[in-house]
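Throughout, protein chains are lettered first and strands after them, A, B, ... in sequence-line order, and every chain is numbered starting at 1.
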2 protein chains.
Amino acid sequence: MEKKKIRIKDIAQLAGVSVGTVDRVLHKRGKVSDEALQKVLTTLHEIEYKPNLIARTLGSKKTYHIAILTPDPSLDEYWHQSFLGAGQAETEWAQYDFYIKSFFFDLYDRNSFKSVAQAVYDDCPDGVLVAPIFYQEALPFFDLFKEDGIPYVLFNTNIPEVQPLSFIGQNLFESGKVGAELLHLRQSSTGTFALLHINEDSNNSVHLLEKERGFKEYFKENKLNVKIKILDLSNREESSIENELLGLLLEPQLQGILVSTSKGSSYIASLLEKHKKQDIRLVGYDLLEENIRYLKSGVIDFLINQNPKRQAFLGISYLANYLLLKKEPPLTDLFPLEIITRQNLKSYLESGIH
Amino acid sequence: MEKKKIRIKDIAQLAGVSVGTVDRVLHKRGKVSDEALQKVLTTLHEIEYKPNLIARTLGSKKTYHIAILTPDPSLDEYWHQSFLGAGQAETEWAQYDFYIKSFFFDLYDRNSFKSVAQAVYDDCPDGVLVAPIFYQEALPFFDLFKEDGIPYVLFNTNIPEVQPLSFIGQNLFESGKVGAELLHLRQSSTGTFALLHINEDSNNSVHLLEKERGFKEYFKENKLNVKIKILDLSNREESSIENELLGLLLEPQLQGILVSTSKGSSYIASLLEKHKKQDIRLVGYDLLEENIRYLKSGVIDFLINQNPKRQAFLGISYLANYLLLKKEPPLTDLFPLEIITRQNLKSYLESGIH
DNA sequence: ATTATAAATGTGTGCGCACACATTTATAAT
DNA sequence: ATTATAAATGTGTGCGCACACATTTATAAT
C-alpha cells in the first residue's frame, strides 16, 4: 500500500549521475549534456517522480511575491469581496513564504489602470492575479509579463488571446440563460420578459452582451413565444431610469426583470417597491448588502452568485501552487452558477468559501 | 513586513537550556525540572513561538492512517460520490504520508455497521471519518475512539453528543424550507403541496423529519393557507407507491411534490411521466444520474445538491490538517443548499469540487 | 603536446525540526 | 565515602531538497 518514496538521490542513482545533475534537469538550470539529460528525463518519467514539497520549501529560502491588481475595494462592495478572498488566501500561503501585495485602480478610470499596472510591473512580482477590466489598456502589460516569464492569472474578465496561466470566472452566456429561466420558471408562456443593463462603467459591455445572448437563447431554445425587452440604461440619471422603468411597467403582462449588473438590481427593487409592483419577478446578481436586503424582503426573487471572494481566493491558490509546485491549474475554471433564494441565503452566507 | 523567524534553537538560547529540553517541553515528554520548565514556558510565551510546520513534518518520519467508514459505494450512487471525494483527498494528502483506508458497511444492515466499525477500531487509525447512519450502533464506538484519543469527524449525519472534531453536512431543517420554497415560488397561494418520504432504509428517519419540519415551517412562516400533504412511503412496494401517488393526484390543485430522499425522486418522476402529469412541480435531492436525466427532460424542476463528494473530501482534509498541523476545523461546516436547475446544471457538473 | 577555457559533473552545507542516544547531575542505598 | 540508580540535561543525525561551490572532463587555441 505504502509506496516507497523516491528521492532525488534515488533518481540520480538510477540514471547513473549525481544529484547535482538531476537538480539541474529538474530546475532547467542547463549545463547538462544531452546524454545525461535523456537518462535523467527517462528515469524521471519511468518512476513518476514527485518532489517532496515539504522538503523543497524547507530547503529553499525563497520567498514569493504575488501582486493582485483589481478595482479599488473601498469604493465597491463586489470588489471588496474579492479583496477578502485574496486576504484569506494569503493567510493560507504565508507559511510557505508567500507575500501578497495589492494594487488598486479606479474602476472608472482607464488611466488609473495604466499607471497602477505599471507599478505592478515595476514591483517585479513572481506572479500576478489581475481583473483586466480595461481590455485595451491591459494588453501591453501582458506582453511585458510574458516577456519576463511572470505567470499571470485572470479573473472576472477573460482575455483569452493573452494566454493566461488560468482564467477564473463564470460562463456569462449560460448565466444569462439561468437568469431567463428564473424569470420564466415554466409558469407562463406568454407575457413580457425584460433584461436591464444598468452599467456605471462602460468597460464591461462585453460581459453584458454575453448575458444578453444567453437570455435570448433561453426563450428561443424553449420555443417560447414571449415578448423580450432589452433596455440599456447605462450611464443614465436615476430619474431617467425611473421613467424607462415606468414605461416598461405598461407592457402587457410584464412577468419579470433580470438586471445584468450586481449594483443595478437594488435600484430597480427600490423602484418596484415605490410603485407597489412587487408581484413582478426580479432577478439580480451577487450577494451585495442591498441585494440581500431586497432578497430577504421578497422584492428580489433570485440572485445569481458570482462568488468574487472565491474567485480571488482560487486565483492566488493557483499561482502559489504553480510557483511552488509547478502544478498547472486548469486553463479555465468556470464557477457554478449559484442560485440564491430567500431560503438558502443563510446557508451561503454562513459557509465560508465554497 | 517579513517577521524574523524564531527557531527552537533561539528559544533554547534565550531560556538558557539546550534544544533537547525545549523539545521536551514542547512535546510534553516530561523529564524536565520545574525550574527549566518555567524558564522555557516563559520565553515560549514571551516570544510567541510558532513552530515551523514545514520543518516539523519533514523532521518526523510519521505516517498517518485515516479510516473512512461509510455505506458501500458500489451499491449506491450517493455514497459512490462521497467515495470519489475521499479518493481525491487522498491524492492531495499522500505527499504528507497520509494513507486512507476505506471500510464499507451495508446501508441496510445495522449489524454490518457494528462489525465493520469494530474492524476500523482494530485497525488503530490515527483519525476516522464516519457517516454514522446507525445512531444506536455508532455510540459505543465513539466512546472507544475518545478513550484512545483518536479524533473523528462526522459527515452526512450528525450526532452532536459524541462531540466530534467536526461535523460536515447540511442544515436539513433549512433544506426542507428551501424545498418548500421551490415548490411554492410565489406563484400560487392556494392548492396542495406534498412532501414524500420514500425511504428504503428506516435509519435516517431523523433526517427526513428535519426536512419535514422545515417544509411545514415555510408555509407557516409565510402565512400561506395551503393544504400540506405528508406521505411516508418508506419500505413500500412500487405498486403501492403508485397507488398512493394516484390518490395524491386527485387532490385539489396539487401544485408540487418534494421528495425527501435522493433516490425517490426519479421514481416519482417516472410515474408523473407515465400518467402525463408533467405540469406538477417536482423537487428532489442530489445529482444522481437518473435525477439529472429527469431534470434535463423537465420532469424534475429543481434538485437540491448535498454535495456528498465535497463532504467526504473536506472531512479528510480536516482530519489531515488537524493531525499534521494541529489546526482545528470548524465545529460544524454546513454546506450551502445548492439549487440545481436545467440551466445551471452544466456549470455544476463541470466544476470539480466547489 | 601544452595550456587556457568552457562545459559538464559532483560534493557539501543548511533549512528547522523530531527523536534516539550519550552524558551529566542529583538522590538514595549501603 | 562509595556505589547504584534515577532524574535531568545535552548532542548528533537524518528527513529531502536547493543551492553554492569544488572538481573533473571535453574543447579550442597555440
Q. So does Ser18(B) get a side-chain nitrogen or oxygen closer than 4.0 Å to the phosphate oxygens (OP1/OP2) of dT11(D)?
A. no
Q: Taking only Lys NZ, Arg NE, NH1 and NH2, and the carboxylate oxygens of Asp or Glu, determine whether Lys5(A) and Asp97(B) approach each other closer than 4.0 Å.
A: yes
Q. Rounded to the nearest Å, what distance is computed from the NE2 atom of residue His27(A) to the P atom of nucleotide dA8(C)?
A. 19 Å
Q: Quickly, which of Val130(B), Ile133(B), Val120(B) forms a side chain to side chain contact (heavy atoms under 4.5 Å, CB included) with Phe105(B)? Name it, please.
A: Ile133(B)
Q.
Any strand counts, and the cut-off is 3.5 Å on both contacts for Watson-Crick or G-U wobble. Which nucleotide pairs with dG10(D)?
A. dC21(C)
Q | Heavy-atom donor-acceptor pair, Glu350(A) side chain to Leu334(B) backbone, under 3.5 Å | A | no
Q: If the plane angle is over 60° it's perpendicular, under 30° parallel, otherwise tilted; pick one for Phe145(A) and Tyr152(A).
A: tilted
Under-3.5 Å N/O pairs linking protein and nucleotides 14-16 of chain D:
unit_1: dC15(D); atom_1: O2; unit_2: Leu58(B); atom_2: O; d: 3.1
unit_1: dC15(D); atom_1: O2; unit_2: Gly59(B); atom_2: N; d: 3.3
unit_1: dG16(D); atom_1: N2; unit_2: Ala55(A); atom_2: O; d: 3.3

Q | Nucleotide dA18(C), atom P - distance to NZ of Lys28(B) in whole Å | A | 14 Å
Q: Map Val19(B) and Asp34(B) onto DNA chain D by nearest heavy atom, then report which one ends up closer to the 5' terminus.
A: Asp34(B)
Q) Is any side-chain N or O of Thr57(B) closer than 4.0 Å to OP1 or OP2 of dC17(C)? A) no
Q. Between Asp10(B) and Arg7(B), does at least one N-O distance fall below 4.0 Å, as a salt bridge requires?
A. yes
Q: Identify the nucleotide, in any strand shown, that forms a Watson-Crick or G-U wobble pair with dT27(C), with both distances under 3.5 Å; if there is none, say none.
A: dA4(D)
**Q.** Between C1' of dC19(D) and CG of Leu26(A), the distance in whole Å
**A.** 13 Å
Q: Could you check how far CD of Glu35(B) sits from P of dA26(C), rounded to whole Å?
A: 11 Å
Q.
Can you see whether Gln118(A) engages Asp122(A) through a side-chain donor-acceptor pair at a distance of less than 3.5 angstrom?
A. yes
**Q.** Rounded distance in Å - OH (Tyr96(A)) to C1' (dA18(D))
**A.** 17 Å
Q.
Using 0.5 Å steps for rounding, measure from the CZ atom of Phe335(B) to the CD atom of Gln311(B).
A. 5.5 Å
Q. Taking atom P of dA18(D) as reference, at what distance in whole Å does atom CG of Leu323(A) sit?
A. 14 Å
Q. Are Thr21(B) and dA8(D) close enough that a side-chain N or O sits under 4.0 Å from OP1 or OP2?
A. no
Q. Atom CZ of Arg29(A) and atom P of dG10(C): how far apart are they, to the nearest Å?
A. 16 Å
Q: Quickly work out the Leu324(B) CG to dC17(C) P distance and round it to whole Å.
A: 14 Å
Q: Please check if any side-chain donor atom of Tyr322(A) sits under 3.5 Å from a side-chain acceptor atom of Asp126(A), or the reverse.
A: no
Q: Could you run through nucleotides 20-25 of chain D and give me one letter per nucleotide, 5' to 3': B if any protein heavy atom sits under 4.0 Å from the base, S if only the sugar-phosphate is that close, - if neither?
A: ------
Q) Is the side chain of Asp123(B) donor-acceptor paired with the backbone N or O of Pro125(B) at a distance under 3.5 Å, no angle test? A) no
